[in-house]
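Structure first, then comments.
Hydrogens, waters and symmetry mates play no part in the numbers below; they use all other heavy atoms, side chains included. Letters A, B, ... mirror the listed sequences (proteins, then strands); counts begin at 1.
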Amino acid sequence: MSEVTASTPSPAAPKKMDDIVALCRRRGFIFQSSEIYGGINGFWDYGPLGTSLKRNLKNAWWNDVVERELIGPDGNSVDIVGVDCTIIMNPKTWVASGHVGGFADLMSTCRQCKKLMRWDHVWDMLSESDWWKSIEELYSTPSAVTSEALMKWAQGKGRKLAPGLALVRNPQVTLSWLAERLAAQGNQYMDTREFVRHLATEQFARDGLQTPCPHCGGELTEPRQFNLMFETNCGAVKDENSLAYLRPETAQGIFTNFWNVCDSTRVKVPFGIAQIGKAFRNEVTPRNFTFRSREFEQMEIEFFIRPDTANEWYKWWRDWRFSWWQKIGLAGANLILREHDRDELAHYAKEGAGTSDIEYRFPFTAPGFGELEGIAHRADFDLKAHATHCGKGDKMRYFDQEKNDRYFPHVIEPSAGADRGTLALLCEAYTPDPTRASGVYMNFTPRMAPVKAGVFPLVNKDGLPEIAERLYRDLRRKHSIEFDEKQSIGKRYARMDEAGTPYCITIDHDGASSGTATIRHRDTQAQDRVALDQIPAWIDERVG
RNA sequence: GCGGGUGUAGCUCAGUGGUAGAGUGUCACCUUGCCAAGGUGAAUGUCGAGGGUUCGAAUCCCUUCACCCGCUCCA
């Protein structure tokens, strides 16, 4: 245990994820789902404070995106409407979107070193691996590669770099078999890839040519499917025809309703459709508290534009979304905007204006960052795919009256995680402070704070509770307020610190006689004295 | 999915085969009155779950679940 000698707390006291998780549980922000039965991996419940925090986040998003005026890059008001789509959709949706097939990654495990990897990444990883490079060097002049040279490599470099490789584990067998193969093929040159596959194969007759593990050279298992979509059956009969999926993203509900929205409202490109809703992914490894859950909530906008305006809109959305997260409380250096490199772009975004992530430095990712929101130019991939799969094709192009032009609009998609956002707010707000009784306080912005103010009588007598309760009932008509008359005032302040309540209003004896109360500021613990009849306006002004 | 670790009261932990405990928190009352003060009292556990060994299991064995760390995955 380290001694605390300094009288002033370190302003950058480290945040430990375990402590944040403990506070979430202790104060009722987040619980494990179905905990009394031992919980279930990758699922989390929100308690009273957490529900309120997450709702504040979602409401802020919906208000700022759909309801309030937003001025776009062209100086005009940005037009966005909302939808609320089902979680289970016609399964053809997921064929069109590429999730059936594409979402079920083929994975392979190494029999030697037990590492798991995506099958389609193996060759890329191989070409990066040290042992591959070492062989490549050796094989750069194929004529010089003799059994002796290979044996030497197997007993030297190979033993270190690729202990799992057949050539290293069992050089005699592998080499004699290789010689046979070469002879059978008339000693023709084979490319490096094929050559290495031979070196990785011990029993060709039984197993065929092997693909080696990029890490140790060992034998990889047959690729197995890891389907990331949750399956269910729709209707009473459980068979192939009733198979349905829980949506892995909310976006497709927006795309499939694009034509409905165009026909039923008077929106014109550019415009957006927004949705908040649950999505489900059967993640291989749910980890890091709520960061990677199997059931999670997304806040998505699909913003439809003329293709030639993609760059302008992409940049505008990216920058506006970044400033939005800053505004609701992630203002510090823990929030970054990261533009993707070309080679990490999704299949639909290769040729687009770009993709970027808004990332937050969580305690468990530090010094790295974890994704909060992705802003992607998805081009016309989705609308076109649905038009094709539903059989109407080009007939479903959008008609632009103004330009007298038919086209599939391009899409800029700002897609944010509500649970990740809530978690970032929790992590950012968590402020250790050894000088105060609670040892910690949560400095949510007033807009995000689950409780806006606490109202307390200093003592539970002398008419103070009555005054406090009147004020409490008055404030509660508009805001989320707590009233507490039990125990010492310090204890009540401490509890509010942990809940992240920005203001505590206390009725004391002086105040009772002069018609005032003290208002304590959570972050500084300083107090103002304010007249009782002005407190509602004082709170309105600060809480919004 | 693999390897390692952990699991006892809301929380932090003690308890290594023989009656489940402490501190803290929670609640009530008294007292006090501006930052978890003090006093008195109360509630709270299928010892993660299931099975086995034993006269007897929190403790030993097996299985399983959850969490943490590492690998891996993450449209």
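- Rounded to an integer number of Å, the gap from Ile254(A) CD1 to A75(B) C1' is 15 Å.
- Gln298(A) and Arg247(A) share no side-chain donor-acceptor pair at under 3.5 Å.
- Annotation: proximity of residues 493-503 of chain A to RNA chain B (heavy atom, distance under 4.0 Å) is found for Tyr493(A), Ala494(A), Arg495(A), Glu498(A), numbered in ascending order.
- At a cut-off of 3.5 Å, with distance as the only test, a side-chain donor of Asp528(A) or His521(A) sits close to an acceptor on the other residue.
- Across G33(B), A75(B), C67(B), the shortest atom-to-atom separation from the side chain of Val459(A) is found for G33(B).
- The shortest distance between the side-chain N/O atoms of Asn41(A) and the OP1/OP2 oxygens of C67(B) is below 4.0 Å.
- Contact between Phe255(A) and Glu302(A) at its shortest, heavy atoms only, is CZ-OE1, 3.2 Å.
- Ring geometry for Trp313(A) against Phe303(A) counts as tilted: the plane angle lies between 30° and 60°, on a 0 to 90° scale.
- Legend: residues meeting ring-ring contact (aromatic ring centres under 6.0 Å, His included) with Trp325(A), ordered by chain and number and at least two apart, are absent.
- Gln32(A) places its CD atom 14 Å from the P atom of C65(B), with the value rounded to the nearest Å.
- Using cut-offs of 30° and 60° for the angle between ring planes, the Trp44(A) and Phe289(A) rings count as perpendicular.
- Going from the P atom of A9(B) to that of C2(B) covers 29 Å, rounded to whole Å.
- Side-chain N/O atoms of Thr506(A) and Tyr493(A) include a donor and acceptor closer than 3.5 Å.
- Atom C1' of nucleotide C11(B) and atom CZ of Phe31(A) are separated by 13 Å, given to the nearest angstrom.
- Within the shown strands, C2(B) is the pairing partner of G70(B) under the Watson-Crick or G-U definition, both distances less than 3.5 Å.
- Under the Watson-Crick and G-U wobble criteria, each requiring two contacts below 3.5 Å, nucleotide G45(B) is left unpaired.
- Only the C1' atoms considered, G1(B) is 30 Å distant from C60(B), to the nearest whole Å.
- For G15(B) and U72(B), the P atoms lie 38 Å apart once the distance is rounded to whole Å.
- Between the side chains of Ser438(A) and Glu498(A), no donor N or O sits under 3.5 Å from an acceptor N or O.
- For Lys486(A), the listed nucleotide lying nearest its side chain is C29(B); candidates were A36(B), U26(B), C29(B).
- Taking atom CG of Leu49(A) as the reference point, atom C1' of G10(B) lies 15 Å away to the nearest angstrom.
- If you take atom P in C11(B) and the same atom in G25(B), they sit 15 Å apart, rounded to whole Å.
- As rounded to the nearest Å, U8(B) and U44(B) have C1' atoms that lie 14 Å from one another.
- Rounded to an integer number of Å, the gap from Asp19(A) CG to C68(B) C1' is 14 Å.
- Enclosure of atom NZ in Lys133(A) by more than 12 non-hydrogen atoms of other residues, nucleotides or ligands within 6.0 angstrom is indicated.
- Rounded to a whole angstrom, the distance from the P atom of G7(B) to that of A49(B) is 13 Å.
- With Asp497(A) as the partner, the salt bridge (charged side-chain N to carboxylate O under 4.0 Å, His left out) test is satisfied by one option alone out of Arg436(A), Arg522(A), Arg27(A): Arg436(A).
- Non-hydrogen atoms lying under 4.0 Å from RNA chain B are contributed by Thr506(A), Asp508(A), Thr518(A), Arg520(A), Gln525(A), all within residues 506-525 of chain A.
- The C1' atoms of G17(B) and G23(B) are separated by 27 Å, rounded to the nearest whole Å.
- For Arg25(A), a side-chain nitrogen or oxygen approaches OP1 or OP2 of C11(B) to under 4.0 Å.
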Protein heavy-atom contacts under 4.0 Å, written 5' to 3' over nucleotides 39-50 of chain B as B (base), S (sugar-phosphate only) or - (none), form the string ------------
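- For the C1' atoms, the distance from U16(B) to C71(B) is 34 Å, rounded to whole Å.
- Backbone-only engagement by Phe289(A) is indicated by non-hydrogen atom pairs under 4.0 Å involving sugar-phosphate atoms exclusively.
- OP1 or OP2 of U26(B) sits under 4.0 Å from a side-chain N or O of Lys491(A).
- Taking for each of Gln487(A) and Ala526(A) the nucleotide of RNA chain B with the nearest heavy atom, the 5'-most of the two is the partner of Gln487(A).
- Spacing between atom CD1 of Ile40(A) and atom P of C67(B) amounts to 9 Å, rounded to whole angstrom units.
- With sequence neighbours excluded, the residues forming a side chain to side chain donor-acceptor pair (under 3.5 Å) with Arg321(A) are Glu373(A), listed by chain and number.
- Ranking C73(B), C35(B), G33(B) by closeness to the Gln527(A) side chain, first place goes to C35(B).
- Using the Watson-Crick or G-U wobble rule with both distances under 3.5 Å, A36(B) pairs with nothing in any strand shown.
- Glu482(A) and Arg495(A) are not joined by a salt bridge, as no carboxylate oxygen comes within less than 4.0 angstrom of a charged side-chain nitrogen.
- Among the nucleotides A75(B), C67(B), G33(B), the one closest to any side-chain atom of Arg492(A) is G33(B).
- Residue contacts for Arg294(A): at a heavy-atom cut-off of 4.0 Å it reaches no nucleic acid atom on any strand shown.
- Rounded to the nearest 0.5 Å, atoms CG (Leu372(A)) and CD (Glu359(A)) are 8.5 Å apart.
- One interatomic measurement links the two molecules: NZ of Lys461(A) to P of C29(B), which rounds to 14 Å at whole-angstrom precision.
- Look at G23(B): its Watson-Crick or wobble partner, with both distances under 3.5 angstrom, is C11(B).
- Within the 3.5 Å criterion, the main-chain N or O of Phe291(A) finds a donor-acceptor partner in the side chain of Arg420(A).
- Under the rule for a side chain to side chain donor-acceptor pair (under 3.5 Å), Lys491(A) has no partner lying at least two apart in sequence or in another chain.
- Summary of the strand contacts: Ala437(A) and Ala22(A) both lie near RNA chain B, and taking for each the nucleotide with the nearest heavy atom, the more 5' one is attributed to Ala22(A).
- Residue Arg281(A) contributes atom CZ, which lies 12 Å from atom C1' of C73(B) at whole-angstrom precision.
- Pairing of G17(B), defined by two Watson-Crick or G-U wobble distances under 3.5 Å, is not identified with any nucleotide.
- Nucleotide U54(B) forms no Watson-Crick or G-U wobble pair with any nucleotide shown, as no partner meets the under 3.5 Å limit on both distances.
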